[in-house]
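Chain letters run A, B, ... following the sequence lines, proteins first and then strands; every chain starts at 1.
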Number of protein chains: 2
Amino acid sequence: MARNSLSDFGPSDPATSADRFPAGPSSGGRLPEATVSRLPVYLRVLTGMAERGVVTVSSDQLASGAGVNSAKLRKDLSHLGSYGIRGVGYDVEYLIYQVSRALGLTQDWPVVIVGAGNLGRALANYGGFATRGFRIAALLDSDPAIVGTPLGRLAVRHSDDLEDVVARHKVAIGAIATPAASAQSVCDRLVAAGVTSILNFAPLVLNVADGVDVRKVDLSIELQILAFHAQRRSVERNGRAPRGALRTVPKEAGRFPAAAAAKSAVEA
Amino acid sequence: MARNSLSDFGPSDPATSADRFPAGPSSGGRLPEATVSRLPVYLRVLTGMAERGVVTVSSDQLASGAGVNSAKLRKDLSHLGSYGIRGVGYDVEYLIYQVSRALGLTQDWPVVIVGAGNLGRALANYGGFATRGFRIAALLDSDPAIVGTPLGRLAVRHSDDLEDVVARHKVAIGAIATPAASAQSVCDRLVAAGVTSILNFAPLVLNVADGVDVRKVDLSIELQILAFHAQRRSVERNGRAPRGALRTVPKEAGRFPAAAAAKSAVEA
DNA sequence: ATCACTTTGTGCATCCGTTCACAAAGGCGT
DNA sequence: ACGCCTTTGTGAACGGATGCACAAAGTGAT
């Protein structure tokens, strides 16, 4: 399982020479999705270490910094190539470089942000943006009262410029920070303009054609997941109900003996 | 696999009577984590349908609205109990109620938001907050210039009040929207004050004791995952390099023949 | 009543991800 | 030079999640 689908070479595979060199590996191999989602975390911990002058790091140290199991970390890194030194650990700078390369961060990614409300502005001001290869190409909004507002190095532009901005800056990534009502149409326009990666902050499920990659960041969903666990914990510890008063239940639920209720509801 | 770990009853298990009644099921059973993370999505689609007056929904319709496979949806819902009607579908209102209950949303969850920058204010203004059982108990910030600013129904209070707010409002959920530098200490204070569920927006890995549930929302990580896929797609289609100019690589990587480099770096 | 049709709930096979545990690899001291 | 110690890289066992496909359960028409 050295790189990927090449049949495996047995344990003492002497690192196929082509592997040892800077330009080399990690490009052809398909990374497991779970690994991809952890690499950015490793990267963050590593850059923190580099800033503090750490030169070498072991899988145990890095794993505990990232909050994962060290075997998992080693397996994740092994998918990129064999960059550790047994008995020593990993060279921090070198590993940063390799992880960045695997993630595609050795190039610039222009990003367009649609929606300049609080959230859009929070994104635009977000420091971690520029530091890791992402550059804000434009911040768009449809509200004429907001258009023109300066924000960092750039000013809010009108949504009408969307297609123009995407084409001119070769934007591949769009962030949707509009209200839910306009999110789908913004999404459609982004996709039509050629954007194939979308980060959706609006609280709804976007419909896109195949080949477009959508990730959602949804605060309300995260809160609900937290609520579930909080409830579970408190049901476990105490007898039953947690804290706070019961909310009124949506409409008049509670009188459904399931079958009967739904039967009567089929038309109405 | 009717409720959960009770050995399975074979296919025609006649819905253990206790199952059919409103107060009943879904409380004892452990839901798979993957299911929990999807329930909020179903809930959102369902409430949208309810608002549009839809009374009954089939697993196919709901699944396509939520962007998942219908078998998965049915299996997810089956963990809550048997609330569908064969040949018909699910009663929308009733299902909303059951999903809400499973997630613990039939009670109020006071939330404290720490950090009243753009992000904190975006959270505070976020509509979907109140609608689903979450209530903002307070919005805190340590900057005296911001403290006192009115925001919706409430004003920004000083971070010093954290412990007081948590105790007085019985807050169980905290959202950290501070800069990375102060996030860990805010987290420690929240935990010390009794908060056991934390939503972290700051770009760092929080250290918490066992029993505290942390979820992170990290825009930079999401962008990096998108970049990975965008890169992969573009490498697949074209010969190699995608768009945009190469960035300068962190420090002077590229001259590491791995072993030699790390060797020399071990001390320095 | 019976039959055709729709849709749920789930057994089963498969896949992906996690974790353990260990052999191989390399550094370091004597 | 040799043996001890540390740490990587990975085989292998396991557990959970996914998705197919179908029997059971229900509706509705005749």
- [ ] Determine: side-chain N/O of B/S59 to OP1/OP2 of C/dT7, distance under 4.0 Å, yes or no.
- [x] no
Open item on the list: I'd like to check the side chain to side chain donor-acceptor pair (under 3.5 Å) partners of B/D188; sequence neighbours left out, ordered by chain and number.
Closed with: B/Q184
Task: Short side-chain N/O contact to D/dG9 OP1/OP2 from A/Y90, under 4.0 Å - done: yes
Validation: residues 44-52 of chain B side-chain donor-acceptor distances under 3.5 Å, sequence neighbours left out:
residue	atom	partner	partner atom	Å
B/R44	NE	A/P203	O	3.4
B/R44	NH1	A/D218	OD2	2.3
B/R44	NH2	A/D218	OD1	3.2
B/R44	NH2	A/D218	OD2	3.0
B/T47	OG1	B/L43	O	3.2
B/T47	OG1	B/R44	O	2.9

- [ ] Check each residue of residues 205-217 of chain A for a non-hydrogen atom within less than 4.0 Å of any atom in DNA chain C, then write out the ones that pass by number, or none.
- [x] none
TODO: Sequence neighbours left out, what pairs pass side-chain hydrogen bond (donor to acceptor under 3.5 Å, both in side chains) with at least one residue falling in residues 60-71 of chain B?
DONE: B/S58-B/Q61, B/D60-B/S70, B/S70-B/R74
Task: Residue pairs fulfilling salt bridge (charged side-chain N to carboxylate O under 4.0 Å, His left out) with at least one residue in residues 204-216 of chain A, sequence neighbours excluded - done: A/R215-B/E222
Task: side-chain hydrogen bond (donor to acceptor under 3.5 Å, both in side chains) pairs, two or more places apart, involving residues 195-206 of chain B - done: A/R233-B/T196, A/R233-B/S197
Open item on the list: Tell me whether the side-chain N/O atoms of A/K75 come closer than 4.0 Å to OP1 or OP2 in D/dT10.
Closed with: no
TODO: Find the bend of the helix from C/dA1-D/dT30 to C/dT30-D/dA1 as the angle between its two terminal axes (five pairs each), to the nearest 10°.
DONE: 10°
Task: For B/S37, all residues meeting side-chain contact (heavy atoms from CB on, under 4.5 Å), sequence neighbours excluded - done: A/I225
Quick one: which protein N/O atoms are closer than 3.5 Å to N/O atoms of nucleotides 3-6 of chain C? Pair and distance per line, please.
none

Task: Rounded distance [0.5 Å steps], CZ in B/F134 versus CG in A/L223 - done: 4.5 Å
